[in-house]
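Throughout, protein chains are lettered first and strands after them, A, B, ... in sequence-line order, and every chain is numbered starting at 1.
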Amino acid sequence: MDYLKELNEPQHQAVSTVEGPVMIIAGAGSGKTRVLTYRIAYLIQHGVDPFNILSLTFTNKAAKEMKERIGKVVGSSEARNLWMGTFHSVFARILRVEAEKIGYPQNFTIYDTDDAKSLLKTIINEMGLDDKIYKPNQVYNRISSAKNSLVNAQGYLKHPEISTDDQLAGRPKMGQIYEKYSMRCFKSGAMDFDDLLLKTYELFKRYPDVLYKYQQRFRFILVDEFQDTNWAQYSIIRQLAAMYQNICVVGDDAQSIYAFRGANIQNILNFEKDYPDLRTFKLEQNYRSTQNIVNAANSIIARNKQQLPKKVWTSNAQGNRLKLYKALTDNEEGNYVAQNIFEERMNHQRANNEFAILYRTNAQSRALEEALRRMNIPYKIYGGVSFYQRKEIKDLLAYFRLVINLNDEEALKRIINYPARGIGKTTLDRLVVTASENEISVWTAMENLKDLQVGLGAGTIKKVEEFMLMIRSIRSQLNSKNAYELGSFIATHSGLLRELYNDKTPEGVSRYENIQELLNGMKEFTDKAETPEESLLPKFMEDIALLTDADNDDEDDRNKVSLMTIHSAKGLEFPYVFIVGLEENLFPSQLSVNSREELEEERRLFYVALTRAMEQVSLSYAQTRYRWGNLIQSEPSRFIAELDPEFLDVKYSHNTGHSGMGAQMGGGFDDSPRTRAANYSIPGHSPLKKLNTAKTATPSFSGDPVSSFQPGMEVMHARFGKGKIIAIDGNDMNKMATIQFEGEGEKKLLLKFAKLKIVGN
DNA sequence: TGCCCGGGTGTTTTT
DNA sequence: CACCCGGGCA
């Protein structure tokens, strides 16, 4: 019980108050993980069977780490029986056990976002709807948020407000699409991510005996990152906790950043109403960050209206001020960051993995990557296209999926003609339509080809049958071969491996290697299995269905700089944190600036970013940045102005030192009062202090921003040479300039493409 | 049926 | 800029 001594008073309370509903409001860096870990250990040491504890975390990785930590306190054999995982993975597990009650096969497929969108697209086309109006992306989001609010297709169709909304939005058929989509998933034996929640809720609602079973089982429930749960998740927790009321939720309303995914900050604010006996503990002492960081973060979050009162403080050292750097371009921002990491690493003996670069959108990673690569700094990007989303991996997995679940329509569509076996689009379309009309799966339709009069030629029918024969013959080995053996067999016998092997382009080679890597992973999986049953392919698929990149960690990634979105940085900490791209319309996002609520979410996101740092925060923004291929001008983020200047150290990029370039680069951008950040005058810090970094790398002939050109200016063009702008017409990004070139005559050029440099007025 | 080209389009954020 | 899709052609 020694560990209790390591806790401060509120932490101690939070750990040892184990009966009844408990809410722990855990400020950033306040030792939340430690409290959760010890609370579970405490439960076990007070005689609670680990078997009766359910702990829901945000990522599988968090679950795994916590399990290890608990194992160290109470012994790993005790810890083994704990149920820990994400909502999605825990409920998927329950659903597999109970699947037949709701008419699903035990081996149901989990459709990822791509599968779901592809199916929606098929349905929209089948219904003869315009996919410019019914964009699969938007339809998917609409259905997703319905499911997250526990509205199923029937409920959706009956709901008057929803139909009015859809009518007004010009998408009256939304409900019918939802209905068809649900039906198709059902016939395919497939659930999407949101179904894992919705169906669990419905299962418990419909079968009180099943609910009772799990209520008995999960007598103690803990929920981490409670601020990011949505209505469906919350409702399921409430169902499960209804009997014993031993529910402990841990969260921080200031760090709620998933409203876009249906997360409801109200869950936290309303928890008290649902559980009148609730005991609330607040963890307010921050052990992670310096005073400057904590106070700067506080000054930001104080601007939000919607929040629970709390005061996060620290007794750590004051630390350095936050650095703020104004870069000319996104590339230069990258150089600044890379250069800075390089220097800090040298001067203070720091390791690569002590640095993180955080951004708002994945697309921003490119400029940073290039800069890091130039300086030979090893880095790892989290998020983006995950390994399991790569085409070749999805292809092979589609074979696995189809073999396990013959009704899996999306898997079948993917591979029936890959590698090419003469079953083309027309044939496939006919099969899919026939299946849809008869409300059967595509595979079932293929099994009944002759009766259904699909109208295929004899040759085509033969090819379809050969394909079915191949799938069946693989399927017959499902229980005799382990995942690795069967996986290799499929890779070879499907022709997929050969197809990739024959492709000698660099991409082809890399695809081939990826397949090998997947197979290696499967080897590892089978080697690790304790029983033959555990080593089978379906088990492997269950394991990886809900994995994300964040859940893998390679040993060779151990000492690298981390690049990730702020969202994926949640729960992590780093000594040095760079927050880049602090520009209006990027962070905060353009889509959020018009509503107070969304803006507050962006602000919380900034708060999360700041509080990841232990020692040093470096903020930066660029005045011009490439976006959708265009060079655009940016204003500094309002969040910079919201930071109390006493915590800031400002640096400006300027290159008056580079003679000859002044006119087009340095001089072109003034520190005008228009830019909010420049409103600060910080005593003792010259805003023009020369940076020892980034030699403003190559401007890479990117040209000056479109908006800076005026008639009468002299400009330089890479091919036509020097010329004078006679006129500019058109607007925005489509501005066209008429230019009289010396020697080349008059030309009309689109400014966004011309890459002109201003050489004089 | 399959490949190549051109145009249109799109970005938050993720289980 | 990058990707996806559709249309045209071999």
Item to check | Rounded interatomic separation in angstrom, taking CZ from R430(A) and P from dT1(B) | outcome: 10 Å
Checklist entry - Counting side-chain heavy atoms from C-beta on, which of dT15(B), dT14(B), dT12(B) comes nearest to Y258(A)? => result dT14(B)
Next on the checklist: Can you measure Y382(A) atom OH to dT15(B) atom P for me and round it to whole angstrom units?
Outcome noted: 14 Å
Item to check | Minimum-distance nucleotide (side-chain atoms of S589(A) versus dT12(B), dT15(B), dT14(B)) | outcome: dT12(B)
Item to check | Spacing between F58(A) atom CZ and dT13(B) atom C1', to the nearest angstrom | outcome: 10 Å
Item to check | Check against side chain to side chain donor-acceptor pair (under 3.5 Å), N152(A) and Y178(A) | outcome: CA-CA 8 Å; N152(A) 61 20; Y178(A) 186 3; 6.0 Å; no
Checklist entry - Any luck finding a side-chain donor-acceptor pair between S144(A) and D194(A) under 3.5 Å? => result yes
Quick one: which protein N/O atoms are closer than 3.5 Å to N/O atoms of nucleotides 2-6 of chain B? Pair and distance per line, please.
none

Next on the checklist: Output the rounded distance in Å from OH (Y388(A)) to C1' (dT15(B)).
Outcome noted: 15 Å
Item to check | Check: E332(A)/T329(A) side-chain N/O donor and acceptor closer than 3.5 Å | outcome: no
Next on the checklist: Among dT9(B), dT15(B), dC5(C), which nucleotide has an atom closest to any side-chain atom of T113(A)?
Outcome noted: dT15(B)
Next on the checklist: Whether K391(A) engages the ring of Y418(A) as a cation-pi pair (distance to the six-membered ring centre under 6.0 angstrom, angle to the ring normal within 45°) should be assessed.
Outcome noted: yes
Item to check | Rounded distance (Å) that lies between atom P of dT9(B) and atom CD of Q138(A) | outcome: 13 Å
Checklist entry - Among all residues two or more places apart in sequence or in another chain, which pass the side chain to side chain contact (heavy atoms under 4.5 Å, CB included) test with L591(A)? => result S589(A)
Checklist entry - Taking the side chain of F193(A) as heavy atoms from C-beta outward, which of dT12(B), dT15(B), dT11(B) is closest to it? => result dT15(B)
